There are 2 protein chains.
Amino acid sequence: MTDPSGNLPPVTLDEVARLAGVARSTASRALNGGVASREAIEAVNKAVRQLGFVPNQAARTLARNRTDAVALVIPEDPSRIFFDPVLAMVISRLSVDFWREGLQPLLVLMDPEDLIAKLGSFLNAGNVDGMVVTSFHSNPEVEEVIAASSLPTVFFGRPPRPDSLPYVDIDNVEGGYKATRYLLDKGRRRIACVGGPAGVPSVEDRRQGFMRACADAGVEPGPYLYGSFDPESGINAAAALVADPRVDAVFAQSDAIAVGVLQGLASAGKSVPEDVAVVGFDNTSTATAVLPNLTTVAQPVSEMAGEVASMLLGFLRTRQWGETPRILPTELVVRDSA
Amino acid sequence: MTDPSGNLPPVTLDEVARLAGVARSTASRALNGGVASREAIEAVNKAVRQLGFVPNQAARTLARNRTDAVALVIPEDPSRIFFDPVLAMVISRLSVDFWREGLQPLLVLMDPEDLIAKLGSFLNAGNVDGMVVTSFHSNPEVEEVIAASSLPTVFFGRPPRPDSLPYVDIDNVEGGYKATRYLLDKGRRRIACVGGPAGVPSVEDRRQGFMRACADAGVEPGPYLYGSFDPESGINAAAALVADPRVDAVFAQSDAIAVGVLQGLASAGKSVPEDVAVVGFDNTSTATAVLPNLTTVAQPVSEMAGEVASMLLGFLRTRQWGETPRILPTELVVRDSA
DNA sequence: ATGGGTCGTGGAACCGCTTCCAGACAATAG
DNA sequence: CTATTGTCTGGAAGCGGTTCCACGACCCAT
């Protein structure tokens, strides 16, 4: 079944051809669907099975000038990504989809200094046919290298300079709007918002949605705080917010932040949702791991990743981009915190 | 700086050699530290810079019979891994370490059916020089393929058949013992234990530690329940356990389970830690995302992954294994739940 | 019979790099 | 001054596939 020769000598196409009684070129054609007689194909297939032949990928790459591999570029500080179940989901889905389509995913996740030092060479060494880049945080230097590589690229999340670059994203404005609107509909009148880092596109969009919902309701928006996408930011924010007793709701721009807010409110003696209602964003597993379970805006992360994969695949096959960008809708998941 | 030619023609070593006024072989030697005159090296380096040359990886692989890539094999159902922050950490650390050492990590994470269908070919196609396998769950078919590949392999976690295969793990017996002992020291007298799937090595070891601690204290162990490593198992377990009012502590074999237990106890009206103390395992970020914050057994996951990477690297360089297995200690992190 | 297709095939070139080998040359030893 | 060593070099032969090309066999319509 598998190669019985315990260890060393890998089978080559030459040996297959010899056993099948044909030329190497014929064997190659037989295997790759080129012109070949029925008998040739059968003989070759039999030989392949008998010898446990597997074509050498490097040789193939060299000859075809195509790697059948793609890079998953995660330009984040690796120590940060544990807080981000979204990222885990993205990676997982991309990996599964690419494998299914016969592409090997290379995980480009390294120390930031390594990244700027190595990414350029890596991309230009013909290691991959294309890449997907998660662009939650911007990083000019990395952007630069990516742009210079001229490899087919799809971004997960709107890239900082969306020069009609292909990307998939949710409608963050809508998401922010929905969350805020829900709180307003529940009668909350002074809503604070805790965001991620200033300047990040999704953060600004969610903020815009927040503002717009308040404006539409004729309510003055409560305090808006920038932070980062982790529980600490939430704790800090909560500490600041309780100073204003009129604040009766918080829209946290990620579940991680919301968790921190919850903790901060708890230690300040505020009860959720009675005193303060809290809405998160992302609908990650922590939303249900926390008490009270979090009302949150769900992103269809897996579908998004699926779209990303199919966009890149489509381009690699047809050499042209389909509809881009692709914007997917969000959905408010109501639980106990608001 | 980088290749100015916007797009297509990649620079080859031939062009570098021509520009430097030497033969291709000399250029190769100059770049790879072979014998070469000072002038030759300088001329080549200059040409390289000028042209933005990056050696083609496939050609290198073919010529050297070495890929400088390793596989990260995750034989788990991809939909499951989101519950597992440990896995995210492992992947991240491995990725960072391998990149730092000049090895490209290939993420082998796909649908189970795809895995058994494709893993064999992948491993035998000369895609990688070695691999690391996370072996939380056993899977005979995958085991088989891995064994047949005869690639250098390190396991994260004791593999089902540790035929002196290289692996890194924690002392799970000790971990289980510590958790249980702590509860006993706190005066708890009827301690239940909620484990992962029966038959998994780590689960059985933790169970053994649990049993032994009880025995050492002369206390009869409370109910032992198998489940899986997710919050649902914890909820179910809690539901079952509250039937016995004497149960005053639960040792959950993962934080995810513990979170479920916490919820289950809460909805049964039990307070933690007053009525029932809870100890988790893993010390993942959910341990602090939940209220009360979880007392839990910490595994040095990142260090473990680091060990794994260095073991594989060591073998690839020296062609022999160092000390194996490597067993790292656990540590009890005391918080609020017990 | 003869000319013009297909179809299938083997040989050879090629992808871009590394490495073996033999030769050129200079420096040192005899 | 030759013999011996040593350093550096270019040419050529790989690595293991794919693909171009020319050629022979075959079938059909002329």
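Just so it is clear: chains get the letters A, B, ... in the order the sequence lines come, proteins before strands, and each one is counted from 1. Since the structure is predicted, the reported quantities are computational estimates derived from the model, not experimental observations.
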Give a yes or no on this: more than 12 heavy atoms of other residues, nucleotides or ligands lie within 6.0 Å of atom CG of B/Asn32.
yes
Short question: side chain of B/Asp129, backbone of B/Thr67 - any donor-acceptor pair under 3.5 Å?
yes
Hey, are the side chains of A/Phe98 and A/Asp68 touching, using non-hydrogen atoms and a 4.5 Å cut-off?
no
Under 4.5 Å between any side-chain heavy atoms of A/Leu13 and A/Leu31, yes or no?
yes
Kindly say if A/Thr61 contacts the phosphate of D/dG17, meaning a side-chain N or O under 4.0 Å from OP1 or OP2.
no
Restricting to pairs with a member in residues 304-323 of chain A, which pass salt bridge (Lys or Arg N to Asp or Glu O under 4.0 Å), not counting sequence neighbours?
A/Glu101-A/Arg317, A/Glu307-A/Arg326
If each end axis of the helix from C/dA1-D/dT30 to C/dG30-D/dC1 is fitted on five C1' pair positions, the angle between them, to 10 degrees, is 50°
B/Asn127 has an atom CG; how far is it from atom P of D/dG17, in whole Å?
12 Å
Crowded around A/Asn65 CG? As in, over 12 foreign heavy atoms under 6.0 Å?
no
Interatomic distance, A/Leu62 CG vs D/dG14 P [rounded to whole Å]:
17 Å
Just call it for B/Ala58: base, sugar-phosphate, or nothing, with non-hydrogen atoms closer than 4.0 Å on any strand.
nothing
A/Asn124 CG to C/dG16 C1', in whole Å, measures 15 Å
Rounded distance in Å - CD1 (A/Ile41) to P (C/dT9)
9 Å
When B/Glu39 and A/Asn56 are each assigned the nearest nucleotide of DNA chain D, the 5'-most assignment goes to B/Glu39
Check whether any side-chain heavy atom of B/Arg29 lies under 4.5 Å from a side-chain heavy atom of B/Thr26, and answer yes or no.
yes
In terms of heavy-atom contacts, does CD of B/Glu144 have more than 12 from other residues, nucleotides or ligands at under 6.0 Å?
no
Parallel, tilted or perpendicular: which describes the rings of A/Trp321 and A/Phe315, with under 30° parallel and over 60° perpendicular?
parallel
Students often get this wrong, so: under 4.0 angstrom with heavy atoms, is A/Asn65 touching a base, only sugar-phosphate, or nothing?
nothing
Look for any protein N or O under 3.5 Å of an N or O in nucleotides 18-25 of chain D and output each such pair with its distance, or none.
from, atom 1, to, atom 2, distance (Å)
D/dT18, OP1, A/Asn32, ND2, 3.1
D/dT18, OP1, A/Arg60, NE, 2.8
D/dT18, OP1, A/Arg60, NH2, 3.3
D/dT18, OP2, A/Ser28, OG, 2.6
D/dT18, OP2, A/Asn32, ND2, 3.2

For atom CD of A/Glu15 and atom P of D/dG17, their distance in whole Å
9 Å
